Amino acid sequence: MDTIKGLKRTDYCARFNMDNVGQEITVFGWVQRQRDLGNLIFVDLRDRTGIIQLSFNDKTDREIFEKAQSVRTEYVVAAVGTVAERESKNKEIPTGDIEVMVSDFRIISKAQTPPFEVEKSETVGDETTLKYRYLNLRNEKLTKNILMRHKIAKIARDYFYDNDFIEIETPMMIKSTPEGARDYVVPSRIHEGKFYALPQSPQIYKQLTMIAGFDRYVQLARCFRDEDLRADRQPEFTQIDLEMSFVDCDDIMDMAEGFIRVLMKETIGVDIPEKLPRMTFADAMNKYGSDKPDTRFDMLIEDVSDWADNTDFVVFKNAIADGGSVKAIVAKGAASHYTRKKIDKLTDYAKGIGAKGLAYVRWADEAPNCSFAKFLKEGELDSLLAQLGAEQGDVVLIVSDKTRKALTIMGALRLVIAKELGIIPEGKWNYLWITEMPFFELDEDTNEYVAAHHPFTMPMEESVQYLDTDKSKVKAQAFDLVLNGTELSSGSMRITDCELQTKMFELLGMQQDEIDAKFGFLVDAYHYASPPHGGMGIGLDRLAMLICGADSLRDVVAFPKVQNASELMSGAPSYIDDVQLDELSLIIKNNVKE
């Protein structure tokens, strides 16, 4: 193998253009493709910025020419040569007007035939590409995604630094405290039988930085949650985490909006409104059936309970009598798409997410076809269609159930239908704040109220009076940032009164000894005076995913986990040997290692 002794890279491959014609340059990279045309050889050289063409002809030194003949895909090479204008230009790449007439060529490292073509890795199954992730990351699309993630991180740091935030690292091994998901735990060798937890968020520590007097904190924080994975979730993730003192919710939201404006302009050149729209949690659920609504299209949920209660259809009437409601959506112009067979598939989907059934009106011909027409009196169907503004060509879908359940089902159907009909516009960036969040959620299985947020969230002042009498009326000083139907961030003002904080723990079912054991250090800190403070964490991974137009977090994370939280490349998680187990005083049950 050759060496790079005496060579210094002039610049990255894709940074050269016609202004460099006539200059001698040195470039390093990987061979993407070699084309041998006999007395002419072209090599596409790739680095993280893109591709530049190397050219070898009958004037090239024969030893160098023969090296060029020998190279294969993914070899690492170095080239020295003069930039020249190409005769046959390639408008598909930034360097398509130029090539490098090579005068020195060195093979630094040979590669065996890769298990897939790097430039076509998107056509290969995940099992293979994730096993060879270091090869897959050479793919242009994934490389750009990782570079975009880096750019987002840099913009975040620059923005918050410029606004007087201090970056403070919080511990990665902490005390296990309940925060909604299962902890990843780390056994302690020194403290036998005790465990650290990996942080689900830096929540408690960043609040302590406020008590310590660092009134503006920021961190690109690594967070860990042992929960089931999906396209927008990984067991380890990064959030742009911030906390501010002497502020209210509006101050925190304004600061985040400033960051989003700068970010969108500097990454993809998009201008967003000076003030982002806001929607209450109640309106989001009632109109969109989701606390993270996609507002890029209409098809809003309508309440038809009053109409339904006057019919003889017992399915609707029973739902209303049980305290529920009847909800409908109108899919405009969808009758030609949604045949009876496709509506049956929608019904199966609805049942799969908890619906008892799916009523419909399909108005394809002159007379609408209604699945529950035999239960209606004359004029009642016309009244429904008029109330909904439905016309010939439309499809009406109706669900009756407990109100929250009916809304959630309709919200999910709304998204499925919009995707199937292709009515979600491209290129829209609908940011939205969700405000006036409920403090408690009703668990319909136990009919008891449970916390909707972490236990440090401040209730709205006007809601405190209902903490003991009517939890359904308690609202939180909390807010979520949503982009195109994806939740990017949750934030809130924090409880700073030790008595109120203790009361909140008690309302969540904790006894004093449990409060002392899990959160005593935080409650103690409040005895030494705390400024009013609040903050939020913006999901860096999800933000990168949406800006890159990726389908999954895997596409913006360098070394991601798969559905079962394993990493195919390294084989993590793995067993550890008996010596390590003994040091940690651990015993594996049922001999699973065997």
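Start at 1 with the first residue, then count along the sequence. Model, not experiment: these values are computed from the prediction.
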[atom1] of [X]: more than 12 outside heavy atoms within 6.0 angstrom?
{"X": "Arg340", "atom1": "CZ", "answer": "no"}
{"X": "Asp306", "atom1": "CG", "answer": "no"}
{"X": "His337", "atom1": "NE2", "answer": "yes"}
{"X": "Asp228", "atom1": "CG", "answer": "no"}
{"X": "Glu92", "atom1": "CD", "answer": "no"}
{"X": "Lys131", "atom1": "NZ", "answer": "no"}
{"X": "Tyr196", "atom1": "OH", "answer": "no"}
{"X": "Lys341", "atom1": "NZ", "answer": "no"}

Let me confirm one number: the [atom1]-[atom2] distance from [X] to [Y], rounded to the nearest 0.5 Å.
{"X": "Lys561", "Y": "Leu553", "atom1": "NZ", "atom2": "CG", "answer": "12.5 Å"}
{"X": "Ile329", "Y": "Ile409", "atom1": "CD1", "atom2": "CD1", "answer": "11.5 Å"}
{"X": "Thr403", "Y": "Lys327", "atom1": "OG1", "atom2": "NZ", "answer": "5.5 Å"}
{"X": "Asn430", "Y": "Thr295", "atom1": "CG", "atom2": "OG1", "answer": "3.5 Å"}
{"X": "Ile155", "Y": "Lys151", "atom1": "CD1", "atom2": "NZ", "answer": "5.5 Å"}

Ring center gap for Phe237 and Phe224 short of 6.0 angstrom: no
Looking at Gln477 and Cys249, what are the two nearest heavy atoms and their distance? O-SG, 3.8 Å
Indicate the atoms forming the closest heavy-atom contact of Asp303 with Ser325, along with that distance. OD2-CB, 3.8 Å
So, the side chain of [X] versus the backbone of [Y]: is there a donor-acceptor pair under 3.5 Å, distance only?
{"X": "Arg225", "Y": "Asp183", "value": "no"}
{"X": "Arg362", "Y": "Ala335", "value": "yes"}
{"X": "Lys405", "Y": "Gly354", "value": "yes"}
{"X": "Gln239", "Y": "Ala221", "value": "no"}
{"X": "Asp394", "Y": "Glu391", "value": "yes"}
{"X": "Asn286", "Y": "Ala282", "value": "yes"}
{"X": "Ser489", "Y": "Asp480", "value": "no"}

Just say parallel, tilted or perpendicular for the rings of His454 and Phe456, cut-offs at 30° and 60°. tilted
Can you say whether the rings of Phe372 and Phe313 are parallel (under 30°), tilted (30 to 60°) or perpendicular (over 60°)?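 Phe372 and Phe313: parallel rings.
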[X]-[Y] side chain donor-acceptor pair, cut-off 3.5 Å:
{"X": "Thr280", "Y": "Thr435", "value": "no"}
{"X": "Thr238", "Y": "Arg149", "value": "yes"}
{"X": "Glu119", "Y": "Asn139", "value": "no"}
{"X": "Trp433", "Y": "Glu257", "value": "yes"}
{"X": "Glu140", "Y": "Thr143", "value": "no"}

Evaluation steps, side chain to side chain contact (heavy atoms under 4.5 Å, CB included), between Val395 and Trp363: CA-CA 6 Å; Val395 172; Trp363 197 350; over 6 Å; no
List the steps and the verdict of side chain to side chain donor-acceptor pair (under 3.5 Å) for Tyr338 and Glu420. CA-CA 10 Å; Tyr338 281 111; Glu420 289 187 0; 2.5 Å; yes
Going through the checks in order, is the salt bridge (charged side-chain N to carboxylate O under 4.0 Å, His left out) test met by Lys275 and Asp254? CA-CA 8 Å; Lys275 295 294 292 184; Asp254 288 345; 2.5 Å; yes
Pi-cation contact, Phe297 with Arg414 (under 6.0 Å, within 45°):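 Yes, cation above the ring, under 6.0 Å and within 45°.
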Looking at Phe440, I'd like to know if the NZ or CZ of Lys471 sits under 6.0 Å from its six-membered ring centre while staying within 45 degrees of the ring's axis. yes
